[in-house]
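Worksheet: the structure to be examined is printed underneath.
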Amino acid sequence: MSLVPYEEGSLILDDPSSKSIVVVNPTSGTLSFFQQDNGNDNDNSEINDDMTASSSALDFSSGVHQFKGPIASYICPQCGTEINPDIMNRRQLHRRASSGMESETSRLGIPENTIPLGFEFANSSFSRRYFQLLERNHRHYALQNDTDNKEKRFGKNKYFIPDDLFIPGYFRKFFKILSLLGYGARGSVYKVVHTIGNTELGVFALKKIPIGNDMEWFNKCIREVKALSSLTHKNANLITYNHVWLEMDSSVGFVRSIDGSQSDSREEIPCIFILQQYCSGGNLEDCILRNVFNKFSDTEPSEERKKKFRTRKKNHGKSEEIGLSTDQLVSIIRDIARGLHELHSIGLIHRDLKPSNCLLLTPFKNDGDDNETYERSSSPNEFFPPIVIGDLGESQLEGESRLGTGCTGTLEFTAPELIIQGRPISSSTLPSRSSHTYNEYTFASDMYSLGMICYFIVFGELPFEPQLDIIDLKVRIKNFKFDTESMVAKHQAMKLKSVDRRIFRLMDALLQPSSNARPTAKTVEEILDEMLISSKPGKSFWKDNIDSTLNFSTISELNENTNSFSEDCIEGDNVTLSLPAPEGHLSALSSPKVDRYSAINGTIQLCYKVVSIILTIIVFRFTRKGSWLSYMSLIILGMVFKSPHDERGKHARALALLAIIAACRKYIS
Ligand SMILES: Nc1ncnc2c1ncn2[C@@H]1O[C@H](COP(=O)(O)OP(=O)(O)OP(=O)(O)O)[C@@H](O)[C@H]1O
């Protein structure tokens, strides 16, 4: 059996063995089954071989297409789509009845026993094969049906994208928008149901990114598709990508027209559509703020506010602890680490890892919520929905230059070594390639972002004041140091649910200013796996593992193996992190090698500062008052004190050079 494009916006499922076909006609909203009469086998033997048959070729015994009722369950060997009318029909009817929706089939006057493919389709492995097949057929389908329209609607050469790359009308014909899920920096994301006629293939998230006539923008957007399509889909913690196509649609937001002028009109412009797995729990940022820390946002519907208010009133008098439990934190961090591990193992750096890019597969229901949104098998304190990492729009291959991508991540979650002083918001303000005063994104910078996510999910806020301007924020990020002791104290002062102190230790490791001291995604995953495995069901397992000592290998170990990171390798980099139980003494928490490294690093930094002062004095001694050398040395001395650890050495060396020049000038003249 095969799925092939047919005339006028139709698809046919053709099964030569049973001499039957199903014709899907989205225009009329029908799905019909036809079977050739046995008595006329010979007459029509070639019909089934013709995969793009016209309606006249489908000439059955009576000369008229005969509807024979629903076919039995079978699977298309090409796309893998399973068609089982009985099961799917029951589910669809049940869903409609329970949701009070008007029956689509009754509205269209079509018998209810037409063939629905079911919502499971969206998440099944069949759907992937279906979309692969669809992609192959798309071009042919688009060209056949809409050549004339295209010329009329788009005008020749108006956009740099060749006309034959568009699939006109596909979105409107095959998708129904159910709701708007959110806006990102590049486009909007909708919850859609994919339909063929009255058959619902599944619910998906559809990202629409207006491209306009901006080739650079187009290349940037297509990065997400490339990254998504390179995923192996073996990992449960990365978003599943289904399909991508280009189509003319109305834009919302900024686009550039052919003459270079900017426009925010709603005229139809080229848009890229990316169909992805739908995550019904929304994003982690909203979940943590709204459901965990009860923070209202301006956009929150008043109904939801009222519900929360009622819940709070109901709980009045009870000591209401907010925040996540250790089990929930472990679940979240482990899921994200797993996703990152998969990405890193294929050489991809995410670059924009943040809570709004982490999506919940099912809705999260907090203790205080009063309506059940999902079935929980375990106690509320232990459960958190599985998380997938989404939005690979900023991702890059390891080793690729950050300047080449034209992308910038989100500042608050960006590792300090990547921060460029100034306002590097657009690619035009990035430093020139030749000056090379910036660091590249690495796997370690993703690990820092994970550390910042941990901070956010533990405290419900970030360590930076929300109102900071960009320059100040950059300074704060560069100077940020996670101190376990004071963070534990802050956590207690906020009266949050008690959390195992190993979580703070892990945060400390991930938020290390030195990229090489951070653990790898694999290590984080393994540590948390180990902690979960050694837990005892029904008990607070964190208290039961007093002696747990976990191997904690850092990024620098990866460097040695892969030679992919160039700077600042620490010796003996297999750091053992001892993570005692919460009841243990805080002082007992130790990661000896990290501590030793920090001590050595601290001494080196101090030496740089002292030596720089001495060098500045030398410059002043050898030069006349007010000379450019003395001014330069003062500026560089300031930079030595202000710069982050990994740049301090460079500035100290520049000062040494100035001192040499000053000395030479003195003795030569
Ligand atoms: N697959 C999905 N399932 C459910 N909701 C989604 C999905 N993808 C995105 N969303 C929702 O749409 C919002 C916008 O997503 P998008 O990836 O475009 O932008 P963002 O990550 O929030 O912002 P930015 O583009 O600035 O990084 C998300 O925050 C999320 O709430």
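Keep in mind the model is a prediction, meaning the values are calculated, not measured. We count ligands from 1, going down the list as the structure has it; atoms in each ligand are counted the same way.
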Would you kindly say whether Lys354 and Thr410 are connected by a side-chain donor-acceptor distance under 3.5 Å? yes

Side chain to side chain donor-acceptor pair (under 3.5 Å) filter on His491, not counting sequence neighbours, yields none

What is the ring orientation for Phe171 with Phe273, classed by angle as parallel under 30°, tilted 30 to 60°, or perpendicular over 60°? tilted

Look at the rings of Phe174 and Tyr170 and say which category their plane angle falls in: under 30° parallel, 30 to 60° tilted, over 60° perpendicular. tilted

Partners meeting ring-ring contact (aromatic ring centres under 6.0 Å, His included) with Phe456 (sequence neighbours left out): none

Which residues pass the ring-ring contact (aromatic ring centres under 6.0 Å, His included) test with His344, not counting sequence neighbours? Phe443

Proximal protein residues to ligand 1, non-hydrogen atoms under 4.0 angstrom: Leu181, Gly182, Tyr183, Gly184, Ala185, Val189, Ala205, Lys207, Ile239, Gln276, Gln277, Tyr278, Cys279, Asn283, Asp352, Lys354, Ser356, Asn357, Leu359, Asp391

